[in-house]
Participant: 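Here's a structure for you.
Naming: A, B, ... by sequence-line order, numbering from 1 per chain. In this text, all values refer to a predicted model and were calculated from it rather than measured experimentally.
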There are 2 protein chains.
Amino acid sequence: MEHIQPKKDSVTVTDVAREAGVAKATAARVLGGYGIVSDRIRTKVLAAAEKLDYRPNELARSMTTGRSGTIGVIVGDIENPFFSSAVRGITDAARASGFTVILMNSSEDVEAEKSAIKTLMAKRVDGLIVTPAQASEYLHLEEVRRTGRPIVLLDRAVPELNVDSVTTDDRDAACAATRLLIDNGHRALAFVTACDTPDHRFQSLQDIHTSSVKERIQGFFDACRATDIQDPERLIQVGALGASRTRALARELLSTSAHPSAILASDSMIALEIFKVARELALRIPEDLSLITFHDADWTSVTAPPLTVIDQPVYKLGETVTKLLLERLGGLVSDPRRVILPTSIIERQSVYQREL
Amino acid sequence: MEHIQPKKDSVTVTDVAREAGVAKATAARVLGGYGIVSDRIRTKVLAAAEKLDYRPNELARSMTTGRSGTIGVIVGDIENPFFSSAVRGITDAARASGFTVILMNSSEDVEAEKSAIKTLMAKRVDGLIVTPAQASEYLHLEEVRRTGRPIVLLDRAVPELNVDSVTTDDRDAACAATRLLIDNGHRALAFVTACDTPDHRFQSLQDIHTSSVKERIQGFFDACRATDIQDPERLIQVGALGASRTRALARELLSTSAHPSAILASDSMIALEIFKVARELALRIPEDLSLITFHDADWTSVTAPPLTVIDQPVYKLGETVTKLLLERLGGLVSDPRRVILPTSIIERQSVYQREL
DNA sequence: GTTCTTATTGAGACCGGTCTCTTTTGCAAT
DNA sequence: ATTGCAAAAGAGACCGGTCTCAATAAGAAC
């Protein structure tokens, strides 16, 4: 059985100062690495610190300096490989500059996002990186901006909000992917997204409050409009949030004999479920169903057939957004920058060439 | 162009107190939600706080209370779906109890781990969750324990360390999986792990410093010993860390005509690379190569053929480890608890039945 | 009306650093 | 020796909360 620790209070600069026989301020100078100290005193203080096993209290430091050395990150769901990759990019870049990351999941819920922001602000993070759950609700983000704390948007822009953002060329990408489908003879298309509407069906772009998805749908429409596809609105499927709901949606979508011949999935988790459902329904990919998905998740190349994907530079997305934030933390003042990273289509074998 | 904010200092309890016409201590009581205050005063203070848009400074609060409401999490790599799932479990459980999570990646490097721990300690996290990169180097962990800060181990135990840990039944799982391979007629086996040794080859169990992997190898040996397989040590492949090194290793392993007929992969990222290489080498799975992997990553069911896997309760792993930590934070004193979560094998179609 | 409790409120120290300002020290120039 | 000055060390306030303890106010009991 372990002996209960006497909870010896951690040793402070004052203790070190006493041990070294110098003033608190002096000890603080060497321990904190600021101000001017003679070498003689420095070694003396360092020795005392060593002897006492001094550990700085970053909290106390933060309180006086006003900077916590921490950035808050809010993503939809860290289990989504898209986000885990981006977060890796963020943490790597942050650590390279001496910052640590507090991670929070919003589960794509605005209320959770607000709560997360409140917590993060209370913890006095130096800056925020957010993938806004709803572009239409941005007052809480606006408020952050007003406090003077830098906030940078990841993957989703909010036009009304004057802050930096890093996104990918969603509209072009979606358009190109859709065109690829069309060029291969597909007309019965579908675009499936996790984004939802109150009644779980899509009427117009107004219903969509996630900017990246909005862009993608526009790209989808662009491609549709360039050909003979009527009312592309009916081709949009919303509400594929979470595995089970996505399965249900996919099952409904694919169960009829008039199911789409080609689907564009808004993220790899959706594509995965569609893939599974197609298999359950004995639909062959690509012969019975073509599939393209956003995000070159690393497993997409090992399915049978391997998936044609829109390759988004996800890690770089995280890296870049952090770089922008760090620049702001460094004092940069400028108009908001909207960085758009290019994507490319990796053609594999999930698109079937139909004869017309 | 935006106008530069006058950087108005945040409003403090003192400001609110003044506005409400009460003492600082009184305002603090209602704002901090502690002590006894009359309703009359409470509403008055709340009104003042509202008017001034008061935001609590969690940093200051932490400094006096000594608790930061934060737990530090160090994993090998958040991009590994194993960890992202576990981290999701952790963050969910943490938030449910009002804690936030600071996330750090060790990249399986002990020095990075040490540095992360130092940072986390300085930030005065209330507790730590760590997947130790090396079970042999645990002095820095031991030191954390001595400071009285709870630390809990995730996925990997360190026998010498008297702290709670949550792992899976690695040895049994590996044994069962290996036996499955053997029972299907395989004798030319291989176990591939990310764990590495100085000379990149495996001599004995002493070389392995990751407890979970050690367990798995033992389980592998257990199964081998129960049959006629000699010198199972030669079947262990180490150093599959990162996609490129894993590819190289897999390529070398599978290029000879005497390649293993069955592989047990220590994590899904390894399995993925092996899968890719097998395809490049035109090896059919499972006819030419059987494959079982640890971790039922969600894509493993959509490959062709779908993979037989060891299903680890990863999310629950994260949830449980957090639960243990929170109990410690709540003051629980007891001998270290070593929770071992059961796994199960999901038989799909990547194991070929050989006739003997 | 007076006294005793008890429920509230007020005052001020404290947490562990940083930072400004003052005092002391060291050393070259006069 | 004196004086001058920059460098180094010391003193103490401060950051924004919490917390202890004393002071006051409000009821209850006599």
Participant: Return the value, rounded to whole Å, for the distance between atom CE of A:Met121 and atom P of D:dG17.
Facilitator: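 In whole Å, D:dG17 P and A:Met121 CE are 13 Å from each other.
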Participant: Between the side chains of A:Glu79 and B:Ser85, is a donor N or O closer than 3.5 angstrom to an acceptor N or O?
Facilitator: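 A donor-acceptor contact under 3.5 Å links the two side chains.
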Participant: Under the criterion side chain to side chain contact (heavy atoms under 4.5 Å, CB included), which of B:Leu324, B:Leu332, B:Leu326 is the partner of B:Arg328?
Facilitator: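 Exactly one pass, corresponding to B:Leu332.
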Participant: When you measure from the side chain of A:Val22, which nucleotide among D:dG10, C:dG17, C:dC19 comes out closest?
Facilitator: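 The closest nucleotide is D:dG10.
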Participant: Checking all strands, does A:Arg55 fall into the base, sugar-phosphate, or nothing category for heavy-atom contacts under 4.0 angstrom?
Facilitator: sugar-phosphate
Participant: Considering only heavy atoms from C-beta outward, does the side chain of B:Ile71 approach that of B:Leu329 to under 4.5 Å?
Facilitator: yes
Participant: Heavy-atom nearest nucleotide on DNA chain C for B:Ala60 versus B:Arg40: which residue maps closer to 5'?
Facilitator: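 By nearest-heavy-atom nucleotide position, the 5'-most residue is B:Arg40.
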Participant: Would you mind telling me which of C:dT9, C:dT18, C:dG17 lies closest to the side-chain atoms of A:Ala28?
Facilitator: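 Among the listed nucleotides, the one closest to the side chain of A:Ala28 is C:dT18.
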Participant: Rounded to the nearest 0.5 Å, how far apart are CG of B:Asp164 and OG of B:Ser334?
Facilitator: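 With rounding to 0.5 Å, CG (B:Asp164) is 6.0 Å from OG (B:Ser334).
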Participant: Would A:Asn105 and B:Thr91 count as having a side-chain donor-acceptor pair, cut-off 3.5 Å?
Facilitator: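 Indeed, the side chains of A:Asn105 and B:Thr91 share at least one donor-acceptor pair under 3.5 Å.
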Participant: Choose from D:dG12, C:dC15, C:dG10 the nucleotide whose nearest atom is closest to any side-chain atom of B:Ala25.
Facilitator: C:dG10
Participant: Between P on C:dT25 and CG on A:Asp39, what's the gap in Å once rounded to a whole number?
Facilitator: 20 Å
Participant: Rounded off to whole Å, could you give me the CZ-to-P distance for the A:Arg67 and C:dT18 pair?
Facilitator: 14 Å
Participant: Report the distance from atom CZ of B:Arg29 to atom P of D:dT18, rounded to the nearest whole Å.
Facilitator: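 These atoms are roughly 11 Å apart.
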Participant: For A:His209 and A:Glu137, which I'm curious about, is there any donor-acceptor pair between the side chains at under 3.5 Å?
Facilitator: no
Participant: From D:dC15, C:dT18, D:dG17, pick the nucleotide closest to the side chain of A:Met63?
Facilitator: D:dC15
Participant: Starting at atom CZ of A:Arg18, determine the distance to atom C1' of D:dA11, rounded to an integer number of angstrom.
Facilitator: 16 Å
Participant: Rounding to an integer number of Å, can you tell me how far A:Arg61 CZ sits from C:dG17 C1'?
Facilitator: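 These atoms are roughly 7 Å apart.
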Participant: Work out how much the helix from C:dG1-D:dC30 to C:dT30-D:dA1 bends between its end axes, five pairs an end, to the nearest 10 degrees.
Facilitator: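 Terminal axis comparison yields 50°.
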Participant: Is any side-chain nitrogen or oxygen of A:Thr64 closer than 4.0 Å to OP1 or OP2 of C:dC19?
Facilitator: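 So the side-chain polar atoms of A:Thr64 never come under 4.0 Å of the phosphate oxygens OP1 or OP2 of C:dC19.
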Participant: If you check every side-chain atom of B:Ser10, which of D:dG17, D:dG16, C:dA11 has the closest atom?
Facilitator: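 So the side chain of B:Ser10 is nearest to D:dG16.
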Participant: Inspect the contact between A:Arg55 and B:Glu143 and indicate whether a charged nitrogen and a carboxylate oxygen are less than 4.0 angstrom apart.
Facilitator: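 Salt bridge flag = yes for A:Arg55 with B:Glu143.
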Participant: CZ of A:Arg124 versus P of D:dG16: gap in Å, rounded?
Facilitator: 8 Å
Participant: Within the pair A:Thr65 and C:dG17, is there a side-chain N or O less than 4.0 Å away from OP1 or OP2?
Facilitator: no
Participant: State which of C:dT18, C:dG17, D:dC19 makes the closest approach to the side chain of B:Tyr34.
Facilitator: D:dC19
Participant: To the nearest Å, give me how far apart CG (A:Asp15) and P (C:dG16) are.
Facilitator: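 Interatomic distance, CG of A:Asp15 to P of C:dG16: 8 Å.
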Participant: Does C:dG16 have OP1 or OP2 under 4.0 Å away from a side-chain N or O of A:Thr14?
Facilitator: no
Participant: Between A:Ile41 and A:Lys24, which has a closest nucleotide on DNA chain D that is more 5'?
Facilitator: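 Final value for this comparison: A:Ile41.
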Participant: Look at B:Ser38 and C:dT9 and indicate whether a side-chain polar atom (N or O) is within less than 4.0 Å of OP1 or OP2.
Facilitator: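 So the side chain of B:Ser38 is within the cut-off, an N or O lying under 4.0 Å from OP1 or OP2 of C:dT9.
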Participant: So A:Ile36, base contact, sugar-phosphate only, or nothing? Heavy-atom distance under 4.0 Å.
Facilitator: sugar-phosphate
Participant: If you check every side-chain atom of B:Asn57, which of C:dG16, D:dG16, D:dG10 has the closest atom?
Facilitator: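 Minimum distance to the B:Asn57 side chain belongs to D:dG16.
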Participant: Within this structure, what is the CG-CD1 distance for the pair A:Leu103 and B:Ile78, rounded to the nearest 0.5 Å?
Facilitator: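 A:Leu103 CG to B:Ile78 CD1: 7.0 Å, rounded to 0.5 Å.
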